[in-house]
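A short write-up of the structure that comes next.
Numbering of residues begins at 1 and proceeds along the displayed sequence. Each ligand, and each atom within it, is numbered from 1 in the order the structure gives.
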Amino acid sequence: MRLGALEAGGTKMVCAIGNENGEILERISIPTEAPDITMPKLISYFADKEIEALGIGCFGPIDLNRDSDTYGCITTTPKLAWKNYNIVKMFQEALNVPIGFDTDVNGSALGEATWGISKGLESSMYITIGTGIGTGIITNGKLLHGMLHPEGGHLLLSRHPNDSFEGTCPYHKTCLEGLASGPAIEARWGEKGIQLAERREVWELEAYYIAQALVDYIMVLSPQRIVIGGGVTHQEHLMPLIREEVKRQLAGYIDTKELLNMDEYVVLPSLNDNQGIMGALKLGLIEYQLEKKG
Ligand code: ADP
Ligand code: ZN
């Protein structure tokens, strides 16, 4: 079966054609401009591909409530041209196939849980630490939604006693994103993360904040595995520091076989940066099955 997949990002749109086994047959990337420029290009890519469904992993926040009049809209995004834009409706009208729709990071969580390192687990998480921080949560084998979708990147944190950086989040200052995203690292230390590779204190502090968030996710969601992706994790020494710090902050309170093997509990993505687009394929497949059942 042929499925379409779209990873809709703030800088580029990755479009692909694949199948129900997660195989990507072809793909293109289109820069994200205003909808009136970008949408016709996306539609013309998918229009003649004979796809049976399309899955979209989208930057957000987005409206995922099927009972809402604005289901399928990108809502309060800072990318103003896309604010309140109903991307699902546009594709539905143009392609007339089932359209699966979720956040980009939920797409990545689903990709890893279906074909990657979290395959077979009932409960897992995917966190991306890049320009922003986002979380995708799988629980009881399904993506967790709720009234909107989880926004675990904005978890409120306690500042490290030696850190006086005020935080970059315009809403919360010292949430995870405000303290530990790529732009937060750059604003605190005056240089981009990639230039700070040799500064151990940078990565110790980074691990301190990420671990604090992970400990909170562990307490609330009890995931069987946590996958961390995004540009900041290209720092190779970061993952071992995060694992150590999670253990230290958990302080032995939770005693499970998963936590005994931290190297397999807190891990990097496994799908060569295809987790997002493969997850979008799966979103399309899920929607197809849902609509077929009627
Ligand atoms: P985006 O989040 O925009 O989709 P990325 O996941 O690549 O993109 O994240 C970009 C952020 O990650 C930037 O803030 C950048 O400074 C940071 N970053 C990228 N590569 C590295 C690296 N090797 N070390 C530390 N930080 C990095
Ligand atoms: Zn915030």
Kindly identify the option in Ile133, Leu196, Ile194, Val232 whose heavy atom sits closest to atom 17 (C) of ligand 1. Val232
Can you confirm whether Ile226 sits close enough to Ile127 that some side-chain heavy atom of one is under 4.5 Å from a side-chain heavy atom of the other? yes
Apply salt bridge (charged side-chain N to carboxylate O under 4.0 Å, His left out) to Lys292 and Glu52, showing your working. CA-CA 11 Å; Lys292 214 169 68 171; Glu52 292 186 70; over 6 Å; no
Minimum side-chain heavy-atom gap Phe91-Ile43 below 4.5 Å: yes
Considering non-hydrogen atoms of the protein only, which is the closest contact for atom 1 (P) of ligand 1, and what is the distance? Thr131 OG1, 3.4 Å
I want to check something: taking the side chain as every heavy atom from C-beta on, are Leu25 and Arg2 in contact at a cut-off of under 4.5 Å? yes
Out of all atoms in ligand 1, which are within 4.0 Å of some heavy atom of Gly230? Include the element for each. 6 (O)
Any side-chain heavy atom of Trp189 within less than 4.5 Å of one from Gln195? no
Could you tell me whether atom 22 (C) of ligand 1 has at least one protein heavy atom nearer than 4.0 Å? yes
Geometric N/O contact Gly231 with ligand 1, under 3.5 angstrom: yes
Does the side chain of Trp203 come within less than 4.5 Å of Leu196's, by heavy atoms? yes
Which ligand 1 atoms does Gly182 reach within 4.0 Å, using its non-hydrogen atoms? 14 (O)
Would you indicate whether the side-chain heavy atoms of Tyr209 and Arg159 approach each other to under 4.5 Å? yes
Where the Zn ion (ligand 2) is the centre, what is the ND1-to-SG angle for His154 and Cys169, rounded to 10°? 110°
Below 3.5 angstrom, do we get any N/O pair linking Gln235 and ligand 1? yes
Please work out whether any backbone atom (N, CA, C, O) or any side-chain heavy atom from C-beta onward of Ser181 is under 4.0 Å from ligand 1, and answer side chain, backbone, both or neither. neither
